[in-house]
Amino acid sequence: MDTVDNKNKIGRYLITAALPYANGLKHIGHLAGAYLPADIYVRYLKAQKREVVFVCGSDEHGTAIPIQAMKEGTTAQAIIDKYHPIIEQNFKDLGIAFDIYHRTSAPLHHETAQEFFQVLNDNGDLEVKESEQYYDEATDTFLADRYIKGTCPVCANDNAYGDQCEKCGSTLSPDMLINPVSTLSGNAPIKKATKHWYLPLNRHEEFLRDWILKEHKDDWRTSVVGQCKSWIDGGLQPRAVTRDLDWGIRLPLTVNSKPLTEGAPLLAVEGQRNAVSKDDAGKVLYVWFDAPIGYISATKQWALNNDKDWKPYWYAPDTKLVHFVGKDNIVFHCIIFPVMLKLHGNILPTNVPANEFMNLEGDKMSTSRGWSIEMDDYIKEWVKKENGGDGMADVLRYYLTQIAPETKDSEFTWKGFQDANNSELVNIFGNFVNRTYVLMHKLCGGKVPAFHNDIIDDADKQLILDIKASVVKVENLLEGYKFRDALFEVIDLARKGNKYMQDKEPWMVAKRQTVEGVLSAEGKKSIDNCLHLCLQLTANLTILINPFLPFTAAKLCKMMKVVERMLEWENAGRIDLLKVGYSLREPQLLFRKIENEEIEAQLDKLKSSIVNRQQIKVDTVEEIKTQKELEPVGAEIVFDDFAKIDLRVGTIVAAEKVPKADKLLQLSVDLGFETRTIVSGIALHFAPEDIIGKQVTVVVNLAPRKMRGIESNGMILMAEDTEGKLHFINPENAINNGASVR
RNA sequence: CGCGAGGUAGAGCAGCGGUAGCUCGUCGGGCUCAUAACCCGAAGGUCAGAGGUUCGAACCCUCUCCUCGCAACCA
């Protein structure tokens with residue numbers, strides 16, 4: 001464990017949180033796994049006035065981005081430009097205070113990653129091997145496993161991918177597929193030789209054994225060490241550093257660190273068979289290689305922004321580097337990246353406090369299945385609401401920390417969320433602060449009362465000891481990355497406050513000691529002491545809760561009319577934080593109760609979203625094509641059935657997006673005899689402003705149906721092409737509205 | 001027998017050789033300044049299952065079952 005004792009030897013802290021992959025929104029599981037614990041730790045360190053930089057950023061390379069682009073019918077660049085700012089804002093709204101949120105598409109990152117590769121390659125730390133890979137001649141590209149489909153050799157599913165069959169779950173390699181087909185062109189791929197650089201992890205087995213299994217056997221989490229042991233014992237293999245793809249960081253075109261000039265040798269000069277040549281222009285760095293270097297480029301950018309030197313953070317031995325990640329990321333941060341760092345001459349991480357996973361209402365979280373709570377959704381539903389506010393961000397932070405999967409997988413339930421808020425934040429913490437304030441205003445005239453040492457009793461002394469003890473405990477727990485326990489300790493201190501006040505019952509003292517409207521001197525002193533200590537405790541709670549619930553701490557500072565400097569950790573444990581005679585504000589409720597209806601609404605939303613997702617589930621372009629082409633002819637009907645359908649031509653006169661619905665547009669359609677409201681699920685395909693004035697064909701005698709609370713009176717006919725794109729069915733030339741279609 | 005982590009009251013977790021504990025929830029009683037807390041009391045567990053070591057096991061060993069993760073072109 002990193003004890004409090006050796007913290008003074010640390011010159012600076014560099015804290016990283018796993019780079020979110022910019023192919024979609026991130027959910028609360030991600031938040032609980034890496035970002036929230038990292039943020040708590042950083043806020044604590046900053047309160048300690050230690051030198052600390054907290055870096056993160058979007059990971060924007062890899063195959064999944066272009067695949068997501070295909071799904072959304074756009075470009076890879078558009079995908080990352082869409083998700084990067086949303087994710088960044090989501091973090092901000094939830095109080096995750098990165099010192100920099102960078103992105104791997106930034107030129108500075110490209111340079112940094114290329115330099116890194118260059119150094120390793122020049123030092124002979126990389127190997128070059130040739131291998132045969134599937135190649136699509138039509139599109140002139142080598143195919144990543146995900147881009148190849150074929151028949152699964154295990155279950156005969158026709159839509160198995162090159163890396164895995166999603167039907168039977170078998171792990172595959174492209175060679176195992178029967179009749180492989182490129183998803184890019186639909187053609188059969190050919191085999192072609194290609195050259196790749198590898199990181200020979202096998203050369204570093206000894207180092208890893210010593211470093212992880214011996215040095216960090218006891219101070220890293222058991223699951224982390226166990227996972228590493230599993231990998232090392234399994235035999236480390238060289239890992240490809242490059243790949244044939246046009247989305248990513250190009251290899252640095254240099255020989256012996258000098259730019260490659262025209263006419264330079266195609267392959268390597270003598271003794272430099274690893275050198276990159278002009279032939280390698282189509283290769284990029286593998287995303288696993290470039291992504292963690294993003295921590296370094298982010299640090300550089302932070303230094304530029306703040307006029308600091310970034311180098312000590314990556315080279316000085318007294319820097320403490322801590323990576324916060326989820327358990328899926330252990331191997332990259334404990335084995336692969338450290339090897340890279342060691343070869344490049346950087347410092348190694350001090351700890352990698354990986355969390356397990358968080359389930360949701362009894363099932364794994366999964367964005368693709370719609371079974372998740374996205375940060376973006378939570379913010380919209382709870383924070384940016386009339387009865388929401390920053391406090392609701394803190395509520396999520398509280399519950400996620402309270403159920404943090406530090407030692408094993410844990411589970412998020414809306415009922416648990418409600419209970420944690422209502423019984424702990426509202427009833428214990430919020431109530432203590434509130435009753436202290438109310439009583440202080442009632443019995444002490446809204447001012448901090450004096451403390452009379454002559455009548456100090458055991459209860460007072462005990463409370464003071466409890467405060468000081470809590471500070472030490474919280475500190476030790478935070479240093480040991482036990483955030484769940486640390487938070488519990490803070491709430492427990494509030495619990496002790498409630499008990500103390502109950503035992504002292506100043507409201508009863510006021511009643512008992514008041515004779516003919518005058519409070520006795522002893523009574524006054526007793527009340528003063530009690531409320532004085534309760535107020536000092538409130539100030540201490542503010543300092544202790546600050547790393548966990550920063551918005552609440554800020555609110556408390558306002559109520560106590562103190563500057564944020566009071567939040568510095570060295571003030572924790574002091575019982576003279578609020579000056580005697582200082583007048584304080586009226587109490588303001590810190591948290592609100594969450595009602596059953598709100599929880600039920602969230603549960604309904606979750607259940608309906610999983611249904612919707614299944615309906616609109618799309619995969620690659622190829623898959624859509626296959627599905628559409630295979631759509632069978634419907635069952636035969638008689639003419640009378642057809643005649644029942646009343647089809648008319650109408651003109652769209654107004655269109656707007658339906659709030660809180662991804663796919664719905666609310667349209668007003670002029671049918672000649674009337675103008676109707678029709679809700680149509682076409683928002684993903686058309687912008688409202690683009691379709692106003694268009695003529696369409698409408699089913700006018702369809703029974704009305706409510707969608708998202710809006711009654712839809714009819715249905716617009718659309719044709720769907722093989723790529724899943726929608727087209728209006730309308731008359732060749734503009735005709736009168738209300739015309740019948742037969 | 002691929003590897004790793006985990007399976008303890010309704011929920012979430014701690015305990016890792018001395019006979020089961022914490023928080024929330026539930027039920028009964030007291031008190032009341034408060035978005036009500038606090039106090040007293042109660043119900044609720046064959047510590048996944050089986051076997052073994054031991055005077056004694058939730059804790060050590062063996063096997064089985066279940067959950068999650070990883071198994072290298074996947075971030």
Side-chain angles (χ1 to χ4, degrees), chain A residues 18-23 59 61-65 131 133 142-147 162-164 171 173-174 196 201 221-245 286-288 291-292 325-332 335-336 354 356-357 359 364 399 402-413 415-416 419-420 422-428 430-443 484-485 488 491-492 494-503 505-511 531 587 589-593:
Chain A
L19 304 186
Y21 199 52
N23 68 336
D59 174 6
H61 297 130
T63 338
I65 302 273
S131 63
Q133 275 190 10
F142 281 96
L143 296 165
D145 289 8
R146 271 271 143 179
Y147 284 129
D163 56 345
Q164 194 186 29
T171 304
S173 73
H196 281 298
L201 291 169
R221 291 185 178 166
T222 52
S223 59
V224 174
V225 176
Q227 179 95 111
C228 292
K229 185 174 185 305
S230 164
W231 267 74
I232 298 169
D233 288 348
L236 298 165
Q237 302 295 318
R239 198 183 165 95
V241 169
T242 57
R243 72 185 320 197
D244 299 295
L245 193 72
Y286 212 106
V287 63
W288 65 259
V325 296
K327 68 171 157 184
D328 54 335
N329 246 325
I330 289 173
V331 66
F332 291 97
I335 295 194
I336 299 173
E356 304 291 301
F357 281 174
N359 294 328
K364 283 168 65 175
Y399 182 52
Q402 200 228 40
I403 61 165
E406 288 173 10
T407 51
K408 59 183 169 192
D409 290 356
S410 68
E411 178 154 332
F412 182 104
T413 62
K415 183 77 176 67
D419 283 349
N422 290 358
S423 66
E424 290 170 35
L425 283 181
V426 177
N427 289 354
I428 308 273
N431 184 46
F432 173 73
V433 173
N434 187 240
R435 67 201 294 216
T436 297
Y437 258 76
V438 169
L439 277 177
M440 183 263 300
H441 276 91
K442 270 189 195 167
L443 303 175
R484 200 176 54 200
D485 292 347
F488 178 83
I491 297 300
D492 205 46
R495 207 173 267 127
K496 286 181 176 129
N498 274 321
K499 181 166 162 46
Y500 167 81
M501 187 181 277
Q502 183 65 34
D503 292 345
E505 47 182 14
W507 56 92
M508 290 306 289
V509 172
K511 263 186 204 167
L531 286 168
L589 294 181
L590 293 174
F591 306 102
R592 69 170 179 87
K593 288 238 174 189

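Note that this is a predicted model, so its numbers are computed, not measured. Numbers restart at 1 for each chain; the letters A, B, ... are given by sequence-line order, proteins then strands.
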ask   = With a 4.0 Å cut-off on heavy atoms, is A/Ala18 in touch with a base, just the backbone sugar-phosphate, or nothing at all?
value = nothing
message = If you compare every side-chain N and O of A/Asn427 against the phosphate oxygens of B/A37 (OP1, OP2), does one of them come in below 4.0 Å?
response = yes
task = Just compare B/C73, B/G69, B/U35 and give me whichever is closest to any side-chain atom of A/Tyr286.
result = B/C73
inquiry  = Roughly how many Å apart are B/C3 and B/C63, using the P atom of each and rounding to a whole number?
reply    = 11 Å
task = Please work out if A/Ile330 contacts a base, only the sugar-phosphate, or nothing of the nucleic acid, heavy-atom cut-off 4.0 Å.
result = nothing
message = What contact category does A/Asn329 fall into here, base, sugar-phosphate, or nothing, at under 4.0 angstrom with non-hydrogen atoms?
response = base
ask   = In whole Å, what separates the C1' atom of B/G4 from that of B/A42?
value = 43 Å
task = Provide the distance between the two C1' atoms, one in B/C22 and one in B/C60, to the nearest whole Å.
result = 26 Å
inquiry  = Using a 4.0 Å heavy-atom cut-off, does A/Phe432 contact any base of the nucleic acid, only the sugar-phosphate backbone, or nothing at all?
reply    = nothing
ask   = If each of A/Pro405 and A/Val331 is mapped to the nucleotide of RNA chain B with the nearest heavy atom, which maps nearer the 5' terminus, i.e. the 5' end?
value = A/Pro405
request  = Flag yes if more than 12 heavy atoms outside A/Lys229 fall under 6.0 Å of its NZ atom; otherwise flag no.
outcome  = no
For atom CG of A/Asn422 and atom P of B/A11, their distance in whole Å = 20 Å
ask   = Is the shortest side-chain N/O distance from A/Lys511 to OP1 or OP2 of B/C33 below 4.0 Å?
value = yes
remark   = Checking B/G12, B/A37, B/C70 against the side chain of A/Ile403 (C-beta onward), the nearest is B/G12
query = If the C1' atom of B/G45 is compared with that of B/A14, how far apart are they to the nearest Å?
reply = 15 Å
Between B/C61 and B/C27 - C1' atom distance, rounded Å = 43 Å
Minimum-distance nucleotide to A/Gln237 side chain [options: B/A72, B/G69, B/C3] = B/A72
task = Please state how far atom CG in A/Leu439 lies from atom C1' in B/A37, giving the value in whole angstrom units.
result = 12 Å
message = Closest approach to the side chain of A/Glu424, judged atom by atom: which nucleotide of B/C70, B/U35, B/C24 is it?
response = B/C24
Test item: A/His61 side-chain N/O and A/Val287 main-chain N/O as donor-acceptor pair under 3.5 Å = no
ask   = A/Val438 near the nucleic acid: base, sugar-phosphate alone, or nothing, with a heavy-atom cut-off under 4.0 Å?
value = sugar-phosphate
note = Between the OH atom in A/Tyr286 and the OG1 atom in A/Thr63, the distance rounded to the nearest 0.5 Å is 5.5 Å
ask   = Whole Å only: how far is the CG atom of A/Leu425 from the C1' atom of B/A36?
value = 15 Å
message = Quick check for you: among B/C38, B/C33, B/G12, whose closest atom lies nearest to any side-chain atom of A/Asn498?
response = B/C38
inquiry  = Distance check needed: B/G12 P versus A/Phe488 CZ, whole Å only.
reply    = 17 Å
query = Under 4.0 angstrom, heavy atoms only, what part of the nucleic acid is A/Thr436 near: base, sugar-phosphate, or nothing?
reply = nothing
ask   = When the P atoms of B/A34 and B/G41 are considered, how many whole Å apart are they?
value = 27 Å
task = Just call it for A/Glu411: base, sugar-phosphate, or nothing, with non-hydrogen atoms closer than 4.0 Å on any strand.
result = nothing
inquiry  = Main chain of A/Ala354, side chain of A/Arg221: is a donor-acceptor contact present, judged purely on distance under 3.5 Å?
reply    = yes
Spacing between A/Lys499 atom NZ and B/A37 atom P, to the nearest angstrom = 15 Å
query = Nearest to the side chain of A/Arg435, which nucleotide is it out of B/U23, B/C70, B/C33?
reply = B/C33
task = Check if the side chain of A/Glu505 and the base of B/C39 share a donor-acceptor pair of N or O atoms closer than 3.5 Å.
result = no
request  = Go ahead and write out RNA chain B as dot-bracket, 5' to 3': ( ) for pairs within the strand, [ ] for ones crossing earlier pairs, | when the partner sits on another strand, dots for unpaired; Watson-Crick or G-U wobble, both distances under 3.5 Å.
outcome  = .(((((((.[[[[.)..(..]]]].(((((.......))))).....[[[[[..)....]]]]])))))).....
key: Check: A/Glu356/A/Ser410 side-chain N/O donor and acceptor closer than 3.5 Å   = no
inquiry  = Taking B/C59 as the reference, what is the distance to B/U46 when you measure between their P atoms (whole Å, please)?
reply    = 16 Å
query = Between A/Asn498 (side chain) and A/Ile428 (backbone), is there a donor-acceptor pair under 3.5 Å?
reply = yes
task = Please tell me which of the listed nucleotides, B/C38, B/U35, B/C73, lies nearest to the side chain of A/Gln133?
result = B/C73
ask   = Nearest-Å distance, CH2 (A/Trp231) to C1' (B/G2)?
value = 13 Å
request  = Would you confirm whether A/Ser230, through its side chain, and A/Gly226, through its main-chain N or O, come within 3.5 Å as a donor-acceptor pair?
outcome  = no
query = Whole-Å distance between B/A34 P and A/Met440 CE?
reply = 15 Å
task = Answer with base, sugar-phosphate or nothing: what part of the nucleic acid does A/Asn431 contact at a heavy-atom distance below 4.0 Å?
result = base
query = How close or far is atom P of B/A36 from atom CG of A/Leu589, stated in whole angstroms?
reply = 10 Å
inquiry  = Starting the side chain at C-beta, find the nucleotide from B/C24, B/A34, B/A5 nearest to A/Ser223.
reply    = B/A5
task = Answer with base, sugar-phosphate or nothing: what part of the nucleic acid does A/Ile336 contact at a heavy-atom distance below 4.0 Å?
result = nothing
message = Let me spell it out: for each of A/Tyr21 and A/Lys229, pick the nucleotide of RNA chain B with the closest heavy atom. Which residue's pick is nearer the 5' end?
response = A/Lys229
ask   = Think A/Arg484 has a side-chain N or O under 4.0 angstrom from the OP1 or OP2 of B/A14?
value = yes
request  = Using only side-chain N and O atoms of A/Arg495, determine if any of them is under 4.0 Å from OP1 or OP2 of B/C39.
outcome  = no
inquiry  = Under the rule for side chain to side chain donor-acceptor pair (under 3.5 Å), what residues qualify as partners of A/Glu424, not counting sequence neighbours?
reply    = A/Tyr398, A/Gln402
message = Using a 4.0 Å heavy-atom cut-off, does A/Phe357 contact any base of the nucleic acid, only the sugar-phosphate backbone, or nothing at all?
response = sugar-phosphate
Whole-Å P distance, B/U67 and B/G30 = 49 Å
